[in-house]
Participant: 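Okay, here's the structure, questions in a sec.
Lettering follows sequence order; numbering is per chain, from 1.
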Amino acid sequence: DVKVTQSSRYLVKRTGEKVFLECVQDMDHENMFWYRQDPGLGLRLIYFSYDVKMKEKGDIPEGYSVSREKKERFSLILESASTNQTSMYLCASSFSPVREQYFGPGTRLTVT
Amino acid sequence: GIQVEQSPPDLILQEGANSTLRCNFSDSVNNLQWFHQNPWGQLINLFYIPSGTKQNGRLSATTVATERYSLLYISSSQTTDSGVYFCAVERLKTSGSRLTFGEGTQLTVNP
């Protein structure tokens, strides 16, 4: 079975802190994705990566950066957390484009 | 980009009832997935079904790609089926293809 894990289920940070969200997949997938989910706005793609050290902006990249130094790990970075980044963050991976995406359990981030 | 519409937005059932959820999409796609979001927020894969019909226990799905819709059938519903069901589609592009999600169907199954 594919397994996608995220470093924290719940996280509380203060405004201005640098925040790291980690995602690890164990199926040698090429592609990894970060989404955020907000009530009324659905799931929105933040960044994705098709290969190590490669990244592409999704629909809402402002205020975020990413890092993919190893194939199995994709990190989302909030350089200076703000209250409007309070959200549910979901990581996903897939073998290749248009193949099945698998999601991690999510991280509920609260920025106070 | 591709538009994805799910219906109904909300559905309330009694345990044991059957239901059909619909997903319409605006362009041809290479990937279509159905997910169930559990109460803890995780998206659980139900079906990867860009075309054809699949069944898994009480759940089945059919995608008619030429008519741009997919249906998810839930039979003999149980309270544990409650949650939000999402349809998501993807069209292959030379770069940057990604899943586009519908707004979901909120299903409540009462005992």
Participant: List, one per line, each side-chain donor-acceptor pair under 3.5 Å for residues 21-33 of chain A, sequence neighbours excluded.
Facilitator:
{"unit_1": "A:E22", "atom_1": "OE1", "unit_2": "A:S75", "atom_2": "OG", "d": "2.6"}
{"unit_1": "A:E22", "atom_1": "OE2", "unit_2": "A:S75", "atom_2": "OG", "d": "3.4"}
{"unit_1": "A:Q25", "atom_1": "OE1", "unit_2": "A:M27", "atom_2": "N", "d": "3.0"}
{"unit_1": "A:Q25", "atom_1": "OE1", "unit_2": "A:D28", "atom_2": "N", "d": "3.2"}
{"unit_1": "A:Q25", "atom_1": "OE1", "unit_2": "A:H29", "atom_2": "N", "d": "3.1"}
{"unit_1": "A:Q25", "atom_1": "NE2", "unit_2": "A:H29", "atom_2": "O", "d": "3.0"}
{"unit_1": "A:Q25", "atom_1": "NE2", "unit_2": "A:K71", "atom_2": "O", "d": "3.3"}
{"unit_1": "A:D26", "atom_1": "OD1", "unit_2": "A:K3", "atom_2": "N", "d": "3.0"}
{"unit_1": "A:D28", "atom_1": "OD1", "unit_2": "A:K71", "atom_2": "NZ", "d": "3.0"}
{"unit_1": "A:D28", "atom_1": "OD2", "unit_2": "A:K71", "atom_2": "NZ", "d": "3.4"}
{"unit_1": "A:H29", "atom_1": "ND1", "unit_2": "A:S93", "atom_2": "OG", "d": "2.8"}
{"unit_1": "A:H29", "atom_1": "ND1", "unit_2": "A:S94", "atom_2": "N", "d": "3.4"}
{"unit_1": "A:E30", "atom_1": "OE2", "unit_2": "A:K71", "atom_2": "NZ", "d": "3.0"}
{"unit_1": "A:N31", "atom_1": "ND2", "unit_2": "A:S94", "atom_2": "OG", "d": "3.3"}
{"unit_1": "A:N31", "atom_1": "ND2", "unit_2": "A:S96", "atom_2": "O", "d": "3.3"}

Participant: Could you name the residues of residues 35-44 of chain A that have a heavy atom within less than 4.5 Å of a heavy atom in chain B?
Facilitator: A:Y35, A:Q37, A:L43
Participant: Does any non-hydrogen side-chain atom of A:D59 lie less than 4.5 Å from one of B:R98?
Facilitator: yes
Participant: Say whether A:L45 and A:L90 are linked into one hydrophobic cluster, either directly or through other cluster members, by side-chain heavy-atom distances under 4.5 angstrom.
Facilitator: yes
Participant: So which of A:R99, A:Q101, A:M88 has the biggest tally of heavy-atom pairs under 4.5 Å with chain B?
Facilitator: A:Q101
Participant: Counting a contact as any heavy-atom pair under 4.5 Å apart, which residues of residues 99-111 of chain B contact chain A?
Facilitator: B:L99, B:F101
Participant: Quick check on the hydrophobic clustering: are B:L21 and B:V29 connected, directly or via other members, by side-chain heavy-atom contacts under 4.5 Å?
Facilitator: yes
Participant: Are B:L13 and B:L72 linked, directly or through other ILVMFWY residues, by side chains that come within less than 4.5 angstrom of each other?
Facilitator: yes
Participant: Are A:L11 and A:V66 connected into the same hydrophobic cluster when the rule is that any two of I, L, V, M, F, W, Y join if their side-chain heavy atoms are below 4.5 Å apart?
Facilitator: yes
Participant: Working to the nearest 0.5 Å, report the span between CZ of A:F103 and CD of B:Q37.
Facilitator: 9.5 Å
Participant: If you count heavy-atom pairs within less than 4.5 Å of chain B, which of A:G58, A:G104, A:G106 leads?
Facilitator: A:G104
Participant: Would a hydrophobic clustering, with Ile, Leu, Val, Met, Phe, Trp and Tyr connected at side-chain separations under 4.5 Å, put B:W34 with B:V4?
Facilitator: yes
Participant: Applying a criterion of heavy atom separation less than 4.5 Å, what residues of residues 45-65 of chain B form contacts with chain A?
Facilitator: B:N45, B:Y48
Participant: Determine the minimum heavy-atom distance between A:V98 and B:N30, stating which atoms define it.
Facilitator: CG1-CB, 3.6 Å
